[in-house]
Amino acid sequence: MCYGKCARCIGYFLLILAIFCIAANILLFFPNGETQYASQNHLSRFVWFFHGIGGAGLLMLLPAGVFIGLENEDCCGCCGNERCGKSCAMLSSILAALIGVAGAGYCVVISALGLAEGPLCLNNNQWSYAFESTNGKYLTDYQSWSTCTEPRNVVVWNVTLFSILLGLSGIQVILCLIQIINGLIGGICGVWCCQDSQQSYAC
């Protein structure tokens with residue numbers, strides 16, 4: 001089924017994106033490549049939500065694995081008919097896609113909140129969220145970034161990684177939504193073909 005091949009491609013894309021999300025989230029724990037800030041709890045609160053590791057990362061492995069194996073899945077023949085079984089598998093993939101939407105959507109929300117709030121940094125000899133009251137306007141006010149003296153380049157670090165996570169998880173949401181449509185069309189078409197070929201089997 002061409003729908004199965006489409007799902008398999010989506011699965012591989014999701015797998016690659018999940019690996020990148022995990023890596024980006026891990027890097028958020030080490031501003032400028034330094035490790036002491038994590039142990040001192042001098043990181044943005046949204047880093048600790050594990051949105052890239054959990055939501056868009058490990059959780060995304062489930063739908064990715066389901067989609068990759070979907071082309072050869074027939075639900076054990078479903079009512080004794082292989083074509084019917086493949087349509088059942090396509091319909092069941094919608095549940096996995098919804099799980100993917102939830103995980104990636106969680107990452108989108110947390111990444112957006114992290115960008116809007118800004119990093120926790122040393123400002124005027126005090127650890128605080130220096131850009132919390134700017135409603136995200138600091139993102140275009142590059143000169144204000146120098147108010148964070150420690151960790152070094154923390155604003156660039158956070159903005160870059162949160163933006164990457166936001167973009168990648170947004171793509172994941174789109175891919176999972178495409179698979180929902182693909183699963184519906186593939187499943188419904190498979191049911192009709194199944195009914196045409198063998199009226200005695202109902203999926």
Side-chain angles (χ1 to χ4, degrees), residues 1-29 43-76 78 84-118 135-136 139 158-194 203:
M1 293 178 71
C2 62
Y3 302 106
K5 291 179 180 178
C6 177
R8 189 175 185 181
C9 290
I10 291 174
Y12 280 121
F13 276 121
L14 288 176
L15 179 61
I16 294 170
L17 292 173
I19 293 172
F20 281 125
C21 284
I22 291 173
N25 197 163
I26 291 174
L27 287 173
L28 278 171
F29 286 94
L43 297 175
S44 169
R45 72 191 76 183
F46 291 110
V47 174
W48 299 100
F49 280 65
F50 298 100
H51 52 296
I53 295 174
L58 297 177
L59 187 61
M60 193 58 63
L61 297 180
L62 173 62
V66 170
F67 301 159
I68 290 172
L70 198 57
E71 186 178 6
N72 299 319
E73 179 60 62
D74 66 355
C75 287
C76 298
C78 185
C84 255
K86 288 188 179 297
S87 69
C88 289
M90 289 299 298
L91 289 172
S92 65
S93 73
I94 295 174
L95 178 60
L98 289 173
I99 294 173
V101 170
Y106 171 70
C107 187
V108 167
V109 171
I110 299 301
S111 297
L113 291 174
L115 279 172
E117 184 177 63
N135 295 321
L139 292 170
N158 269 35
V159 169
T160 300
L161 292 173
F162 273 120
S163 297
I164 289 173
L165 285 166
L166 181 64
L168 294 181
S169 56
I171 295 173
Q172 287 178 329
V173 170
I174 294 171
L175 289 175
C176 287
L177 291 175
I178 291 174
Q179 177 53 31
I180 291 175
I181 298 172
N182 181 50
L184 278 172
I185 296 175
I188 293 171
C189 288
V191 169
W192 282 109
C193 290
C194 176
C203 295

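The first residue in the sequence is number 1, and the count goes up from there. Predicted model, so just to flag it, every value in this text is computed and none were measured.
Residues W48 and L43 meet the side-chain proximity criterion, which asks for heavy atoms closer than 4.5 Å. Contact annotation: the side chain of I180 approaches that of L177 to within less than 4.5 Å [non-hydrogen atoms, C-beta and beyond]. Residues I19 and I16 have side chains not in contact (no heavy-atom distance under 4.5 Å, counting atoms from C-beta outward). F162 places none of its side-chain heavy atoms less than 4.5 Å from the side chain of E117. Between V66 and Q179 there is no side-chain heavy-atom pair separated by less than 4.5 Å.
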*Trace of the side chain to side chain contact (heavy atoms under 4.5 Å, CB included) decision for V173 with S169*: CA-CA 6 Å; V173 170; S169 56; 5.7 Å; no

*asked:* Is there a side chain to side chain contact (heavy atoms under 4.5 Å, CB included) between I185 and Y3? Walk through the geometry before answering.
replied: CA-CA 8 Å; I185 296 175; Y3 302 106; 3.5 Å; yes

_side chain to side chain contact (heavy atoms under 4.5 Å, CB included) for L168 and M60? Distances and angles first, verdict last._
CA-CA 12 Å; L168 294 181; M60 193 58 63; over 6 Å; no

*asked:* Set out, in order, the CA-CA distance, both residues' side-chain angles and the distance that settles side chain to side chain contact (heavy atoms under 4.5 Å, CB included) for L115 and L139, then state yes or no.
replied: CA-CA 8 Å; L115 279 172; L139 292 170; 4.3 Å; yes

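Here the CG atom belonging to L165 is positioned 9.5 Å from the CD1 atom belonging to I53, to the nearest 0.5 angstrom. A distance of 11.0 Å separates OG1 of T160 from CG of L27, quoted to the nearest 0.5 Å. The line from CG of L17 to CD1 of I10 is 11.5 Å long, rounded to the nearest 0.5 Å. Atom CG of L166 and atom SG of C21 lie 10.0 Å apart (nearest 0.5 Å). Separating the CG atom in L62 from the CD1 atom in I99 is a distance of 5.0 Å, to the nearest 0.5 Å. From N182, atom CG reaches atom NZ of K5 across 13.0 Å, with rounding to the nearest 0.5 Å.
For S93 against G183, the heavy-atom pair with the smallest separation is OG-CA, 4.2 Å. Minimum interatomic distance between G103 and L59 (heavy atoms only, all atoms of both residues): CA-CD2, 3.6 Å. Across N25 and V47, no two heavy atoms sit closer than the pair ND2-O, 3.9 Å. The two residues G187 and M90 come nearest to each other via the heavy atoms N-CB, 3.8 Å. The minimum heavy-atom distance between A18 and Q172, with the atom names listed, is N-NE2, 3.5 Å. Of all non-hydrogen atoms in N158 and S44, the two that sit nearest each other are ND2-CB, 3.9 Å.
Under a cut-off of 6.0 angstrom, the local environment of CZ in F29 is crowded, with over 12 non-hydrogen atoms contributed by other residues, nucleotides or ligands.
The ring of F50 has its center no closer than 6.0 angstrom to the ring center of Y106.
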